[in-house]
Amino acid sequence: MDIARTHPEAASPLPSVDVAWQLLIRAHLVDPDATEDVLAQPQVGVWAAHTLRRLVHHSATATDAGRLWKDLGYLHTLAAAAAVRAGLSFELDVPARYGLAVLPTVGAASLPPRCHRARVVARDGAVTMTDDIGQRTSPGDRHWHHPIRLTAAAGGVTLRIEVVDRDVYRNLRGTAAPAPLDDDQVRRWEALLRRAWYLLVREQPARARSIAATLRTIAPLPAGQRFRPLSASGTEAFGGVLLSEPDDAVQLAATLVHESQHHKLGALTHLLTLVRADPNRRFYAPWRDDPRPIGGLLQGSYAFAGVTEFWRIRRLHAVAGDADLAAFEFALWRRQTRYALRELLESSQLTDHGRRFVEMLHRTVCDSQKEPVSTGPRILGDRMAIDHYALWRAHNLRIGAAGPALAAAWASGDSFPTWILDEPTAQPMALPDSGPAWFDTRAVLVRHRLTDAAAFDQLCAESDVIGTRVTGATAADLALVSGDDAQARTGYLRQLAGDSPGGKTLAHSCIGLGLTWSDDPTHPAARALLHRPELVMETLRHTTRGDTAPGVPDLVGLAAWVGDGLARAQTSRSGWAGWPVQDRASR
């Protein structure tokens with residue numbers, strides 16, 4: 001409000017922010033509970049942060065003001081919503097976007113696409129919205145949309161949420177176009193939510209009560225590929241979740257656990273400082289493709305500590321094919337989360353509160369390592385953890401200063417120069433902004449295999465088009481997940497023969513190749529490709545630099561050369577304390 005008052009032009013053509021503010025004060029005096037409920041909606045936090053950032057950087061030009069007034073005008077919609085719920089009589093103009101004017105928790109009105117504002121009129125408990133040409137809409141009209149509210153109850157625990165599909169601030173990252181659900185979609189969400197809630201209350205009642213106390217809204221997204229749900233939360237939007245339509249109720253239950261962990265830690269970090277971040281250092285997060293700052297690693301670690309516990313308990317209740325999947329998820333995430341927590345403890349970026357918090361988490365996750373898991377799912381979980389770690393290193397780490405020396409030694413037939421492993425200027429550095437690379441591809445195929453063997457066989461029968469079903473997957477991946485290492489190795493070598501050192505599939509094929517030595521994990525090529533793949537990738541880049549011919553030269557021989565050098569140097573696993581960020585100029 002203070003900043004907005006210094007730019008009175010920013011609210012035009014709406015009434016001033018003080019008009020909206022006074023209406024909000026009136027509503028709060030009459031019905032503080034309703035007003036607090038409006039202001040506590042998750043999308044209000046997104047709006048407040050987004051608009052504050054815009055106001056701080058506001059240039060006061062006519063063009064910028066034309067874009068800003070709709071953001072600032074959301075205050076008017078909040079005041080109108082609170083006043084309607086308080087039963088006040090008033091008139092107030094509010095912004096319209098994408099052919100909609102939305103009053104949070106009250107409803108939305110469809111308007112002509114070119115309409116940019118609407119007048120809200122409330123009299124004696126009745127509300128109408130009038131567009132620019134005088135067309136009125138009110139509750140009960142076909143152009144009026146009531147809030148979508150879903151309720152799930154089981155075992156005396158009730159979850160009440162609103163599905164936010166029209167509000168432009170539901171996205172968590174700023175504004176987004178509305179994506180209204182139709183009646184069939186609402187029914188699917190309701191059915192999935194009820195089944196997921198029954199499962200949670202029956203198997204994990206304490207966690208269900210925690211979710212019921214924190215979750216307020218779901219902002220729905222269309223369903224994605226199977227086993228690749230999208231979900232997100234933000235500390236500016238407590239209680240809100242951005243969520244793709246889930247595959248099934250179990251996936252929805254796991255996702256609710258995941259996001260509720262983010263909500264709780266987000267609240268805690270408003271009260272206590274847990275990390276002192278070094279902006280020039282990044283870490284490996286076993287659930288992300290990109291290098292993460294320490295705060296992001298902490299958030300993910302707490303979320304996946306909850307996911308690990310969810311699958312620990314879920315596997316005790318699951319039956320048939322679900323049991324193998326639950327055991328695999330438990331084996332995978334207990335290993336991945338433990339690794340991330342060790343990174344945090346070694347980072348030197350935790351405050352005293354942060355260290356105490358992470359140590360408690362670490363003890364809990366370490367205790368889960370003692371629980372027995374059936375051999376097949378456990379081995380698959382371990383392999384997929386290694387797969388993700390190796391892909392991440394190959395994709396995100398660079399050792400440019402050592403590249404020429406590696407390439408020269410390899411080209412001349414010399415032994416691997418082990419001195420490079422201790423050379424400070426040759427230590428790995430992390431790319432600051434690498435994009436998504438589908439590191440979960442083979443793990444997704446494992447989930448297909450464990451859940452439905454017949455459907456997985458059908459995927460194998462259509463291996464030539466598997467990439468259209470599971471993005472990033474190849475026929476060699478199907479062979480690997482099927483357990484045919486020999487066929488997978490042949491497939492990866494064929495892929496490598498047609499790739500180039502800068503090709504998008506190079507790292508994927510290299511790490512897949514490393515996984516084919518499942519019967520001999522100490523093979524030199526496997527050692528290099530699965531534990532220090534950045535050395536192989538850097539040698540390749542410099543060996544083929546300037547060569548226009550496609551193809552990767554003798555990948556197995558090169559990897560074995562690096563692996564022999566690692567064995568001679570007896571190097572330990574590197575990276576517990578993260579990596580410095582590579583400067584753009586040095587790439």
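All residue numbers refer to positions in the sequence shown, counting from 1. The structure displayed is predicted, hence computed values, not measured ones.
Put simply, the side chain of L52 reaches to within 4.5 Å of the side chain of I3, judged on heavy atoms. At a threshold of 4.5 Å between non-hydrogen side-chain atoms, the residues W144 and M129 count as touching. Within the 4.5 Å cutoff, no side-chain heavy atoms of L242 are placed close to those of S233. Side-chain contact check for T255 versus P246: every heavy-atom pair is 4.5 Å or farther apart. Contact annotation: the side chain of V127 never approaches that of V121 to less than 4.5 Å [non-hydrogen atoms, C-beta and beyond]. Proximity of Y74 to Q43: side-chain heavy atoms (C-beta onward) are separated by under 4.5 Å at one or more points. Looking only at side-chain heavy atoms (C-beta outward), H145 and D165 stay at 4.5 Å or farther from each other. Within the 4.5 Å cutoff, the side chain of I386 has no heavy atoms near those of the Y389 side chain.
Contact detail for S301 and A340: the closest heavy-atom pair is OG-CB, 3.4 Å. A pairwise comparison of heavy atoms in P104 and A81 identifies O-CB, 3.4 Å as the closest pair. The two residues R314 and A326 make their nearest non-hydrogen contact at CG-CB, 4.2 Å. Minimum interatomic distance between D324 and L450 (heavy atoms only, all atoms of both residues): O-CD1, 3.9 Å. The two residues D477 and G472 have their closest heavy-atom pair at OD2-O, 3.8 Å. Across all non-hydrogen atoms, the minimal contact from V307 to A254 is CG2-O, 4.4 Å.
Between E91 and R123, at least one side-chain nitrogen of the basic residue sits less than 4.0 Å from a carboxylate oxygen of the acidic one, meeting the salt-bridge criterion. A salt bridge between D31 and R85 is absent, with no side-chain N of the basic residue lying under 4.0 Å from a carboxylate O of the acidic one. Using a cutoff of 4.0 Å between basic side-chain nitrogens and carboxylate oxygens, E371 and R315 are scored as salt-bridged. Salt bridge status for E162 with R216: absent, with no side-chain N to carboxylate O gap under 4.0 Å. For the pair E245 and R228, the salt-bridge criterion is not met [side-chain N within less than 4.0 Å of a carboxylate O]. A salt bridge links D71 with R97: at least one charged nitrogen is closer than 4.0 Å to a carboxylate oxygen. A salt bridge does not link E309 with R207: none of the charged nitrogens is closer than 4.0 Å to a carboxylate oxygen.
The distance from the CD atom of E359 to the CG atom of L350 is 8.5 Å, given to the nearest 0.5 Å. Put simply, CG on L252 and CD1 on I218 are 6.0 Å apart, with the number rounded to the nearest 0.5 Å. To the nearest 0.5 angstrom, L345 atom CG is 10.5 Å from E343 atom CD. Rounded to the nearest 0.5 angstrom, W189 CH2 and D184 CG are separated by 15.0 Å. A distance of 8.5 Å separates CG of L243 from CD of Q251, quoted to the nearest 0.5 Å. In this structure, the separation between CG on L181 and CD1 on I148 is 5.0 Å, given to the nearest 0.5 Å.
Enclosure of atom OH in Y198 is not indicated, since only 12 or fewer non-hydrogen atoms of other residues, nucleotides or ligands lie within 6.0 angstrom. R356 CZ: 12 or fewer foreign heavy atoms inside a 6.0 Å radius. Around the CZ atom of R149, the shell of radius 6.0 Å holds more than 12 heavy atoms that belong to other residues, nucleotides or ligands. Within a 6.0 Å sphere centred on CZ of R378, heavy atoms belonging to other residues, nucleotides or ligands number more than 12.
Of the candidates P229, P220, P222, S244 forms a side-chain contact (heavy atoms from CB on, under 4.5 Å) with just one, namely P229. Under the ring-ring contact (aromatic ring centres under 6.0 Å, His included) test applied with H388, the options W438, Y284, W287 reduce to a single match, Y284. The residue from T175, V168, L75 that alone fulfils the side-chain contact (heavy atoms from CB on, under 4.5 Å) condition with W47 is L75. Put simply, the residue from Y339, F310, W333 that forms a ring-ring contact (aromatic ring centres under 6.0 Å, His included) with F304 is W333.
Formation of a donor-acceptor pair under 3.5 Å by the T451 side chain with backbone atoms of H448 is not found in this model. Distance alone, capped at 3.5 Å, is enough to place a donor-acceptor pair between the D182 side chain and the Q185 backbone. In terms of modelled atom types and a separation under 3.5 Å, the side chain of T351 and the main chain of G354 share a donor-acceptor contact. Counting only distance, with no hydrogens or angles, the side chain of R281 and the backbone of G578 share a donor-acceptor pair below 3.5 Å. The backbone N or O of V163 sits nowhere less than 3.5 Å from a side-chain atom of T217 that would complete a donor-acceptor pair. N171 places no side-chain N or O within 3.5 Å of a backbone atom of A176 that could act as its donor or acceptor partner. Side-chain atoms of E190 never come within 3.5 Å of backbone atoms of L150 as a donor-acceptor pair (strictly under, hydrogens ignored). In this structure a side-chain-to-backbone donor-acceptor pair under 3.5 Å is present from D167 to Y169. Between the Q41 side chain and the D37 main chain, a donor and an acceptor come within less than 3.5 Å of each other. The backbone N or O of A455 lies less than 3.5 Å from a partner atom in the side chain of D452, making a donor-acceptor pair.
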Show, in sequence, the C-alpha distance, side-chain angles and deciding distance for R312 and R334, and conclude whether the side-chain contact (heavy atoms from CB on, under 4.5 Å) test is met. CA-CA 9 Å; R312 184 189 72 80; R334 70 177 179 178; over 6 Å; no
Please evaluate residues V38 and L103 with respect to the criterion side-chain contact (heavy atoms from CB on, under 4.5 Å), reporting the C-alpha separation (whole Å), side-chain torsions for both, the decisive distance (0.1 Å), and the verdict. CA-CA 9 Å; V38 170; L103 301 182; over 6 Å; no
Evaluate side chain to side chain donor-acceptor pair (under 3.5 Å) for D367 paired with T364, printing each intermediate quantity in order. CA-CA 5 Å; D367 286 344; T364 300; 5.7 Å; no
Walk me through whether E36 and H28 qualify under side chain to side chain donor-acceptor pair (under 3.5 Å). CA-CA 8 Å; E36 292 288 350; H28 191 262; 3.3 Å; yes
For L14 and V94, run side-chain contact (heavy atoms from CB on, under 4.5 Å): C-alpha distance rounded to whole Å, both residues' side-chain angles, the deciding distance at 0.1 Å, then the answer. CA-CA 7 Å; L14 298 178; V94 299; 5.7 Å; no
For T151 and L193, what are the C-alpha separation, side-chain angles and deciding distance, and is it a side-chain contact (heavy atoms from CB on, under 4.5 Å)? CA-CA 8 Å; T151 300; L193 185 68; over 6 Å; no
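Within the 6.0 Å centre-distance limit, the rings of H395 and F439 are counted as a close aromatic pair. The aromatic ring centres of F238 and H263 sit less than 6.0 Å apart.
Applying the side chain to side chain donor-acceptor pair (under 3.5 Å) test to pairs two or more places apart or on separate chains, those with a residue in residues 264-275 are Q261-K264.
No cation-pi contact links R355 to F357, judged by a cut-off of 6.0 Å to the six-membered ring centre and 45° from its axis.
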